[in-house]
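In what follows, chains carry the letters A, B, and so on, assigned in the order in which the sequence lines appear, proteins first and then strands, with residues in each chain numbered from 1. All values below come from the heavy atoms of this structure, side chains included, with hydrogens, waters and symmetry mates left out.
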Amino acid sequence: MAKTQQTLTKAGKSLAPRQPVTGTALSVRKKRSFIADIYSTAIGKKYAMAISGIALMGFVLFHMIGNLKMYLGAAELDHYAEFLKELLYPLAPKGAVLWILRGGLLAMLALHLHAAWSLTILNHQARPVKYQSPRDYEVANFASRTMRYSGMIVLSFLIWHLLDLTFGVVNTVGTDNTFVKGEVYANVVRSLDRWPVAVFYILANLLLGIHLRHGAWSIFQSLGWNNPRFNSWRWSFATVFALVVVIGNISFPIAVLAGIVKL
Amino acid sequence: MKHLTNLKLKVWRQDGPDTVGKFETHVVESVSDEASFLEMLDQLNEKLIGENKDAIVFDHDCREGICGTCSLMINGRAHGPQRATTTCQLHMRTFSSGDEIVIEPWRAAAFPIIKDLMVDRASFDRIIESGGFITSPTGGAPDANLIPVPKPVSDAAMDSAACIGCGACVAACPNGAANLFTGAKIAHLSVLPQGQAERFKRAEAMVNSMDDQFGSCTNHGECSAACPKEISLDVIALMNSDFRKSKSKNRKQLSRG
Ligand code: HEM
Ligand code: FES
């Protein structure tokens with residue numbers, strides 16, 4: 001077999017020598033179960049990204065809508081937090097459904113991350129020698145080219161956010177040094193009253209918006225949802241979705257800083 | 001006819017697949033604005049040969065935008081600055097006197113450099129080999145209207161079949177993915193009645209072959225913007241959906257065997 005045929009393939013892998021047309025792929029694929037088989041392909045990983053992305057999008061949308069209760073006052077927001085713990089109660093024990101939802105979201109996040117990670121590696125292997133002169137991109141935009149970074153900053157914000165308002169460990173440095181479980185409204189005001197926290201909150205949500213602007217369009221392509229009748233709506237959907245989530249989320253720190261939402 | 005003068009060319013020179021390459025600067029003193037980009041390179045090569053130097057190696061064949069042999073990353077764009085144009089159809093009038101023009105080969109693991117600006121695109125043949133065909137009996141040509149095809153369907157198939165396999169999509173893709181090429185080749189057959197029998201076997205096999213050699217799509221859209229035939233991103237969605245269906249349909253078919 002000629003040497004060039006060896007070097008044709010991506011790092012580490014080598015194809016079988018060229019064979020006559022057989023109607024099957026040249027590479028022999030391992031036998032795997034249905035899900036593992038799909039996930040082992042790049043397109044399958046994009047499916048996983050899109051499905052986990054939809055789950056996360058559903059979460060951020062309802063999270064934002066729920067937090068709008070803040071504008072109705074402390075009692076309303078605290079009561080809403082209590083309601084979340086009582087989802088499907090008394091059919092299910094208190095907190096059970098909430099924990100199932102949390103578990104599902106964590107799994108989705110893990111899947112999203114794993115797929116993003118392994119596809120990034122694949123993409124680097126697909127072009128081991130970069131272009132040696134500057135590229136002149138025509139349509140790739142800031143959002144599409146920074147998905148990995150916007151995603152990672154959103155992830156770091158997410159961790160901070162949980163430590164801040166769920167566990168309260170980074171909240172005790174607030175204006176009056178307290179964090180009280182269950183006093184959701186008061187905790188939010190204490191946290192966002194610190195302007196560096198509010199700024200971080202705003203920046204992270206802008207990046208989330210940028211991630212979603214590209215992501216919410218990408219899901220249609222990744223899942224193969226393409227139909228000339230609605231294709232022109234896909235960008236509009238992504239833009240509106242990203243705007244709604246970002247404007248809603250960013251309004252909270254601004255309202256606290258402006259003293260509209262206060263203790 | 002006008003002439004462009006004093007073009008500074010930065011051209012990638014590389015002896016072979018496993019050697020280290022570098023940019024080499026050449027000055028083209030004067031060239032007609034009616035010359036194609038490749039004719040400009042021919043002119044430079046004649047000068048180099050006259051000086052007893054190695055000519056710059058680049059791919060070309062039909063020189064009329066239909067064979068897909070020419071390539072070249074010109075100033076950071078596949079096939080140069082003009083949309084829907086192959087390098088052979090790009091004319092020097094798109095540039096101005098005194099311009100610096102940087103020329104690089106396609107870069108992808110699956111497109112190893114043979115020499116200078118010429119790359120081996122056999123990886124595309126492998127994708128085609130794995131399923132880009134229909135099985136039909138040989139013999140006398142069937143009547144042209146034996147299988148009715150609705151006009152919009154035949155148009156859609158033609159839009160995908162316009163792909164000339166030049167590799168600009170892979171070259172332009174920040175991930176080195178071949179989804180536009182593979183999608184076009186799949187869509188071309190899978191919308192037609194003649195392509196139905198092997199539709200899902202084809203989708204699975206071609207995607208697997210693509211997976212073994214190329215990167216993965218992140219929906220930038222650079223491929224379609226660089227495509228000299230303006231193939232739409234729609235073919236990628238079609239491929240993704242056929243691939244998903246193939247996973248269950250092919251299993252069902254196997255279990256009948
Ligand atoms: C945890 C850190 C995260 C990382 C590292 C990350 C990374 C990525 C990457 C690399 C893509 C593929 C981009 C592309 O196709 O161009 C992507 C897509 C996407 N992301 Fe994220 N992301 C993260 C978090 C999130 C979050 C929190 C959400 C939702 C609120 C989200 C929603 C989406 C959606 C909807 C897509 C589109 C899926 C598709 O490509 O079909 N991501 N993400
Ligand atoms: S040489 Fe045939 S397309 Fe350019």
A cation-pi test, strictly: NZ or CZ of [X] under 6.0 Å from the centre of the six-membered ring of [Y] and no more than 45 degrees from its axis. Yes or no?
X: A:Arg135; Y: A:Tyr131; value: yes
X: A:Arg148; Y: A:Trp117; value: no
X: B:Lys245; Y: B:Phe200; value: no

Expected contact set for residues 74-84 of chain B against chain A at heavy-atom separation under 4.5 Å reads B:Asn75, B:Gly76, B:Arg77, B:Arg83
Answer yes or no: is there a side-chain heavy-atom contact under 4.5 Å between B:Ser224 and B:Ile236?
no
Just wondering, do A:Leu109 and A:Leu158 contact through their side chains at under 4.5 Å, heavy atoms?
yes
Residue part contacting chain A, namely of [X], when any heavy atom lies under 4.5 Å:
X: B:Glu104; result: side chain
X: B:Ala171; result: both
X: B:Ile113; result: neither

For the residue pair A:Ser144 / A:Asn141, report whether a side-chain donor-acceptor contact shorter than 3.5 Å exists.
yes
Quick check on the interface: out of A:Gln132, A:His214, A:Lys46, A:Lys45, who has the most heavy-atom pairs with chain B under 4.5 Å?
A:Gln132
If you tally heavy-atom pairs under 4.5 Å against chain B, which of A:Gly44, A:Pro128, A:Ser218, A:Pro134 wins?
A:Ser218
Between A:Tyr201 and A:Phe252, does the ring centre distance come in under 6.0 Å?
no
A:Phe237 ring center near A:Phe230 ring center (under 6.0 Å):
no
So, the part of A:Ser222 with a heavy atom under 4.5 Å from chain B: the answer is both
Name the residue from B:Ile103, B:Asp59, B:Thr87 that meets the side chain to side chain contact (heavy atoms under 4.5 Å, CB included) definition with B:Leu117.
B:Ile103
Quick one: which of B:Arg107, B:Glu198, B:Arg251 has the most heavy-atom pairs under 4.5 Å with chain A, could you say?
B:Arg107
